[in-house]
Structures are given as structure tokens and as C-alpha cells.
Amino acid sequence: MTGYTDVPARLGESALSDGRLLGWAEWGPLDGVPVLLCPGAATSRWLGFGAGVVEALGVRLVSVDRPGLGVSTPAPGRTFSDFAGDVRQLCVLRGLGHPVVVGNSQGAPFALVCAAEGVASALAVVSGADEFARPEFASVLNADLRGLVERTESDPAGAEKLFAGFTADAMWDMVMAGSPGCDLAVYQDPAFAAGYRRALDEGFAQGAAGYARDTVLAMGRWPFALDEIDVPVDIWYGEQDTSHSPDNGALLAARVPGARHHVVPGIGGALLWTHAESVLRLLLEKTVTDQ
């Protein structure tokens with residue numbers, strides 16, 4: 001597609017033990033080092049990263065549709081721990097062993113729970129949606145975001161209903177309106193934009209309930225212990241990223257034992273696509289797979 005991403009090499013669905021289907025897409029060699037991607041808000045398995053890079057590094061990149069997004073069967077009321085369990089099953093079904101996990105944007109807390117529950121062998125959080133409900137952030141959030149966080153805390157069912165009114169077009173417009181020029185140069189690249197829009201359209205193909213559940217989980221307090229994560233973790237933010245974390249992940253990195261914190265100048269939330277090789281190379285340095 002472009003230097004940022006490419007069409008999947010393989011697409012499929014795996015049946016979980018309860019009969020639900022979990023959709024996935026893969027890039028790179030089948031015998032490569034498994035790297036599992038938890039993609040951003042409402043984007044389906046379709047949008048990967050690192051075109052050419054995953055092949056050069058021998059990475060088998062696997063992107064997963066969370067329940068209710070893309071082709072994955074909805075699971076109303078699901079929890080973070082439920083998702084980690086789904087990924088654990090997928091790893092067995094697809095022969096991924098104990099994969100490296102990457103979490104981007106709203107996928108970050110879902111990647112973090114995979115590390116907290118022993119599913120991941122190493123983790124990279126890239127432009128991750130931070131835990132906005134932390135009390136340390138209450139005074140620095142803008143009024144609109146603070147209102148959504150407070151509503152999610154006080155009335156999660158009502159907040160989930162609100163988020164269920166979102167659409168692919170609304171998500172696209174929100175990202176375009178809230179991104180600095182350095183990110184728009186990526187997002188508005190014609191080929192990347194086509195892939196991103198397709199991923200959004202697929203993400204909302206079953207409606208917005210999957211996105212709404214993700215958002216309520218991500219925007220509330222996270223019910224897993226970051227200080228018990230015991231695998232290598234890298235936390236990456238672009239210096240110009242003003243939407244994913246109030247402090248470019250400084251507090252998040254401090255809460256994860258041994259986490260390496262990287263703030264990259266000259267880019268914002270598009271970091272996953274502009275710095276794919278740096279993210280993957282550093283992540284793979286200390287990776288030990290059990291393939």
C-alpha cells in the first residue's frame with residue numbers, strides 16, 4: 001500500500017471454545033517471530049504497520065479484531081480479562097506461543113492486560129490511550145474529556161449507550177480534527193487514508209457496540225495491576241501527541257516496573273507508522289520466544 005502499511009498477507013477467523021469467532025490478519029513470514037497487535041479505536045484487523053519492515057525483521061505480525069469489531073463475534077459485557085483469555089486461546093489456535101504484543105491508541109490497555117495476565121512475552125505501548133481516570137490527571141484534562149471520564153465512572157451503562165452512537169465517519173473526523181500537521185501528513189496520504197477508512201468501516205460493520213464497550217473499559221479505571229507486569233516493556237509517544245496521554249506516558253511508564261520510556265520529536269499519534277522499525281527492533285532485542 002505505502003511505506004506505512006500494506007494489505008494483509010493472510011486473513012482468517014478462529015473459533016474460540018464458546019463458539020465465538022475471533023478475526024485476525026497477518027503480515028510477514030509464517031515462521032517469523034509472532035508480534036500481536038491490539039489496534040486503535042474502532043479499527044479492524046485490516047490496518048497493520050511497518051510495510052516491508054516486518055518482512056525484513058522476520059516478524060509475523062498478527063492484528064486481532066476485538067469482540068464486536070470487524071468480523072469478531074460480539075461479547076456484550078466483556079471485560080479486559082475476557083480479552084486476555086481470548087488472545088490466550090488464539091495463540092494456541094494459531095501457533096503463536098508466547099507472543100510479543102503491541103498496543104496502539106485505544107488498544108493499549110488491552111495490550112497491557114495481556115502483559116499483566118502472562119499472555120505477552122514483551123510489550124510495546126505506542127501512542128497508547130492512557131488511564132485518563134487516574135486522579136493525577138483530573139485537573140489537566142480538557143473539559144470535554146473530563147466530562148466523558150466522569151460520566152463513564154458515574155454511569156457506565158449510559159456512557160456505553162452514548163458511545164454506541166458513534167460512526168466510522170465521526171471517528172475519522174475526530175482524528176483529523178485533533179491531529180497535528182505531522183500526523184495529517186501520514187493520515188491523509190491517499191493510500192494510507194484508504195486503508196484507514198477501510199479499517200474503520202470494517203470496525204463498525206456490526207454497529208458501534210464493540211467500540212462502545214472498548215471505550216467504557218478504556219476510559220474507566222483499569223482493574224489490573226501494572227506494577228505486577230514482569231516482562232520487558234517499551235512505552236512510546238510522539239512529542240506532539242496531545243490526545244493519547246496528558247504527560248506523554250511519563251506516569252504510565254513509572255507505574256510499570258523497568259519500563260523504558262521514549263518520547264520522539266517531530267511526530268504525534270502517527271508514531272506507530274512513522275517509526276515502525278525503531279519500535280520493532282527495540283522490542284525484539286530482549287524478546288525470548290517459546291516457539
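These values consider heavy atoms only, across backbone and side chains, with no hydrogens, waters or symmetry-generated copies.
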*How many angstroms lie between atom OG of Ser81 and atom CZ of Arg88, to the nearest 0.5 angstrom?*
7.5 Å
*asked:* Let's go through Glu26 and Arg94 carefully: what are the C-alpha distance in whole Å and the side-chain angles of both, what is the deciding distance for salt bridge (Lys or Arg N to Asp or Glu O under 4.0 Å) to 0.1 Å, and is it a yes or a no?
replied: CA-CA 11 Å; Glu26 293 189 356; Arg94 296 293 301 155; 3.1 Å; yes
*Worked check of salt bridge (Lys or Arg N to Asp or Glu O under 4.0 Å) between Glu153 and Arg221*: CA-CA 8 Å; Glu153 182 177 19; Arg221 293 301 302 268; over 6 Å; no
Between [Y] and [X], is there a side-chain heavy-atom distance shorter than 4.5 Å?
| X | Y | value |
| --- | --- | --- |
| Leu280 | Val100 | no |
| Thr215 | Gln106 | yes |
| Phe132 | Leu141 | yes |
| Gln89 | Ser17 | yes |

*For Asp234 and His262, test the side chains for any donor-to-acceptor distance below 3.5 angstrom and give the result as yes or no.*
yes
*Among side-chain atoms of Asp247 and Ser245, is any donor-acceptor pair under 3.5 angstrom?*
yes
_Aromatic ring pairing Trp222/Phe224, orientation class (parallel under 30°, perpendicular over 60°, tilted between)_ = parallel
*Could you tell me how the ring of Tyr211 sits relative to the ring of Phe204: parallel (under 30°), tilted (30 to 60°) or perpendicular (over 60°)?*
tilted
*Flag the pair Arg66 and Asp86 as a salt bridge only when some basic side-chain nitrogen lies within less than 4.0 angstrom of an acidic carboxylate oxygen.*
no
Report yes or no: does [X] contribute a side-chain atom to a donor-acceptor pair with the main-chain N or O of [Y] at less than 3.5 Å?
| X | Y | value |
| --- | --- | --- |
| Asn104 | Pro39 | no |
| Asp130 | His244 | no |
| Thr152 | Ala159 | no |

*Can the positive tip of Arg78 be found less than 6.0 Å from the middle of the six-membered ring of Phe83, inside 45° of the ring normal?*
no
*Arg198 to Trp46 six-membered ring, cation-pi geometry met (6.0 Å, 45°)*: yes
*Kindly write out the residues that satisfy ring pair (Phe, Tyr, Trp, His ring centres under 6.0 Å) with Phe163, not counting sequence neighbours, or none if the list is empty.*
none
_Membership question, hydrophobic clusters at under 4.5 Å side-chain separation (ILVMFWY): are Leu69 and Val62 in the same one?_
no
*Any link between Leu93 and Leu30 through a network of hydrophobic side chains (Ile, Leu, Val, Met, Phe, Trp, Tyr) touching at under 4.5 Å?*
no
